[in-house]
Amino acid sequence: MERTPIHRLREFIGQKVTVQGWLQTLRDQKKMQFLIIRDRTGLVQVAFWKANDPALAERISTLGTESAVTITGTVIDNEIVKLNGLEIQLESLEIVNAAEAPVPFEPFGDSLPSIDFRLDWRYLDLRRAENLLLFTVQTTVEQAMREYWLQHDFMEIHSPKIMGTPSESGAELFEVAYFERKAYLAQSPQFYKQMAMAAGFERVFEIGPVFRADPSFTSRHMTEFTGVDMEMSWIDSHEDVMAFTERWIQYVYQVVKDKHGDEIREKLGVEIKVPTVPFPRISMHDAYVVLKQVGYALPPEKKGDLDPGGERAMADYVKKTYDHDFFFLIDWPITVRPFYHMRHADRPDLTKSFDLIAGGLEIATGAQREHRPDILLQQAFEKGLHQEPIQFYLDFFRYGCPSHGGFGLGLSRFMMVMLGINNIRETVYIFRGPTRLNP
RNA sequence: GGGGGCGUGGUGUAGUGGCUAACAUGCGGCCCUGUCAAGGCCGAGACCGCGGGUUCGAACCCCGUCGCUCCCGCCA
């Protein structure tokens, strides 16, 4: 018999149905048993008169909560039932996979264990409605991102995650044994998406894993995460990249709001607010002026950069001044940016780059790239890089490479901001950190 | 790498020098004419992360250690 999802049961009043799901609650009384069954779409009460089949009643009595079961029965409209005013009168039940009792923790209890304990039992944690929603929304987010890109003539690429040479700094690379040699896990698809520009693809995107060997113990860092990257050709400046980015984000927010806005409000208490464009743009120079005005003292060693507190202070300022949750922090000094960022022609000390700050959190970094090989090489030397390891990259710019730029964005950070969740471990399917390799 | 905080039944907490370690939830048993955040009664379950010290006496104070967590650095 075909399975009926719980949220459609009302269409089957008076009919016999099969429901498959998890036993969330069992109320075992003298004459009757009530089972609350949950599937991905909702909850339903199942009622059973023990006298109808004492053997079955006995089996039900032994069921642990969270057991996976298949039940069949007749759907009854019953206004006495508080759960959606309907119930299933049980005819048969198959235990697909019994849950041991007790369960390590109660996913539907009043209080939740610490994040660390829940990560040990992540699959149970993921059964919670909030998590089901989060990853449903993430699916929509990625779909909307792709839709917008495809509507604007982007191509999807998949670049390798095993690299032969440390690309940028080398400090945060994981080393792996590669037959007789060493190899490295990619900490960004940066060079390869730029190669697509040299290849004449003109506009590309990639959603894929990136690895950072940073021993960071914060609520917003991971050693492996999903990077959302794009690169576009024939641009005049980083402004072209920002103009695309803000509309792309606006589109994603709109799709999520249309599709899940009510459920997000209901389950997470968050109102999805579609941002207006353009997002405010604030130069690093102006940010320093603002921070001085609002009395935020940056650590003295910060030269041309902001600390996380400074970013949050700027986010507050932008919220008050422009009523906006996003802003671009632009024109970063060359000292704090990588060698491949293009510099302003009239200000060789400033890069044509930006960070996207959302809700006070750094969620993306972008720039126009330097595509002129002689200047690029010179900038690499200035940063103390050696030519040989990056020669393959420098070669991209030798035989006709258009001007280009793009950004890299952290998917889980994006989800944190969109859904107002303050720990990245909650927004990633399975967390990887310096001391977390399981599950 | 630096700093702060926290480690008490399965889980979440209380207890901060006299503890026979408390409460909630979960678990087991019994009871209950349809429950619905079900309810009632009974029960099992922690030697208080680990090691050392102070003290007549330590879950509680001190030192070390491990784990977790948050912040800074770094960044998406």
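Quick note on labels: first sequence line is chain A, next is B, and so on, each numbered from 1.
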(request) Would you check if A:F105 stacks with the base of B:U11, given a 5.5 Å centroid limit and a 30° plane limit, both strict? (result)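 One would not call A:F105 stacked on the B:U11 base.
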(message) Under the criterion of centre distance below 5.5 Å and interplanar angle below 30°, is A:F225 classified as stacked on the base of B:A76?
(response) yes
Report yes or no: is there a donor-acceptor pair, N or O only, under 3.5 Å between the side chain of [X] and the base of [N]?
X	N	answer
A:S216	B:C74	yes
A:T435	B:G67	no
A:R413	B:C75	yes
A:E106	B:G10	yes
A:E87	B:G34	yes

Nearest-Å distance once atom [atom1] is located in both [N] and [M]:
N	M	atom1	result
B:G34	B:G39	C1'	13 Å
B:A37	B:U25	P	15 Å
B:G53	B:C72	C1'	34 Å
B:C6	B:C74	P	28 Å
B:U65	B:U11	P	26 Å
B:G2	B:A76	C1'	23 Å
B:C60	B:G17	C1'	7 Å
B:A46	B:G10	P	7 Å

OP1 or OP2 of [N] sitting under 4.0 Å from any side-chain N/O of [X]?
X	N	answer
A:Q33	B:U35	no
A:R425	B:U69	yes
A:N423	B:C70	yes
A:T365	B:A76	yes
A:R220	B:C72	yes
A:T25	B:C36	no
A:R436	B:G67	no

(request) With A:R425 as the cation and A:F431 as the aromatic partner, state whether NZ or CZ is under 6.0 Å from the six-membered ring centre and within 45° of the axis. (result)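 Satisfied, under 6.0 Å and within 45°.
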Using whole Å, what does the distance between atom [atom2] of nucleotide [N] and atom [atom1] of [X] come to?
X	N	atom1	atom2	answer
A:I80	B:A38	CD1	P	18 Å
A:M222	B:C70	CE	P	13 Å
A:F217	B:C70	CZ	C1'	12 Å
A:F326	B:A76	CZ	P	17 Å
A:R337	B:C74	CZ	C1'	13 Å
A:Q24	B:A37	CD	P	13 Å
A:D120	B:U69	CG	P	10 Å
A:R27	B:G34	CZ	C1'	11 Å

With heavy atoms under 4.0 Å as the rule, sort [X] into base, sugar-phosphate or nothing.
X	answer
A:L112	sugar-phosphate
A:G109	nothing
A:S412	nothing
A:A47	nothing
A:N78	base
A:D28	base

Go through [options] for me and flag the one nearest to the [X] side chain.
X	options	answer
A:P215	B:C68, B:C70, B:G73	B:G73
A:K30	B:C71, B:C32, B:G34	B:C32
A:E362	B:A76, B:A37, B:C72	B:A76
A:K82	B:A37, B:U11, B:C74	B:A37
A:D110	B:A37, B:G34, B:C75	B:A37
A:P113	B:U11, B:G34, B:C74	B:U11
A:P102	B:G26, B:U35, B:C71	B:G26
A:R312	B:C71, B:C74, B:C36	B:C71
A:F117	B:A76, B:G10, B:C36	B:G10
A:K31	B:A37, B:C70, B:U33	B:U33

(message) Does A:F12, at its CZ atom, have more than 12 non-hydrogen atoms belonging to other residues, nucleotides or ligands within less than 6.0 Å?
(response)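 Yes, the 6.0 Å shell around CZ holds more than 12 heavy atoms from other groups.
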(request) State, without any angle test, whether A:Y296 and A:D307 hold a side-chain donor-acceptor pair at a distance under 3.5 Å. (result) yes
(request) State, without any angle test, whether A:H7 and A:D39 hold a side-chain donor-acceptor pair at a distance under 3.5 Å. (result)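 Not at all, the side chains of A:H7 and A:D39 share no donor-acceptor pair under 3.5 Å.
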(message) Could you work out, with ring pair (Phe, Tyr, Trp, His ring centres under 6.0 Å) as the rule, every residue matching A:F205, not counting sequence neighbours?
(response) A:W149
On the 0 to 90° scale, with breaks at 30° and 60°, tag the [X]-[Y] ring pair as parallel, tilted or perpendicular.
X	Y	answer
A:F191	A:Y393	parallel
A:F414	A:Y253	perpendicular
A:Y251	A:Y148	tilted

(message) Dot-bracket for RNA chain B, please. Rules: Watson-Crick or G-U, both distances under 3.5 Å, ( ) within the strand, [ ] when a pair crosses earlier ones, | for another strand, . otherwise.
(response) ((((((((.[[[[.)..(...]]]].(((((.......))))).....[[[[[..)....]]]]])))))))....
(message) For A:G406, is there any backbone N or O sitting under 3.5 Å from a side-chain donor or acceptor partner on A:R369?
(response) yes
(request) Taking A:R220 for its side chain and A:I424 for its backbone only, find out whether a donor-acceptor pair lies under 3.5 Å. (result)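 Side chain of A:R220 to backbone of A:I424: no pair is present.
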(request) Take A:T62 and A:Q89, find for each the nucleotide of RNA chain B with the closest heavy atom, and name the residue whose nucleotide sits nearer the 5' end. (result)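 Closest to the 5' end, via its nearest nucleotide, is A:T62.
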(message) If you assign A:L356 and A:A101 each to the RNA chain B nucleotide with the nearest heavy atom, which residue ends up on the more 5' nucleotide?
(response) A:A101
(message) Within the structure provided, determine whether A:L35 and A:L93 are in side-chain contact (heavy-atom separation under 4.5 Å).
(response) yes
(message) Could you check, using the six-membered ring where one of them is a Trp, whether A:F244 and A:F154 have ring centers closer than 6.0 angstrom?
(response) yes
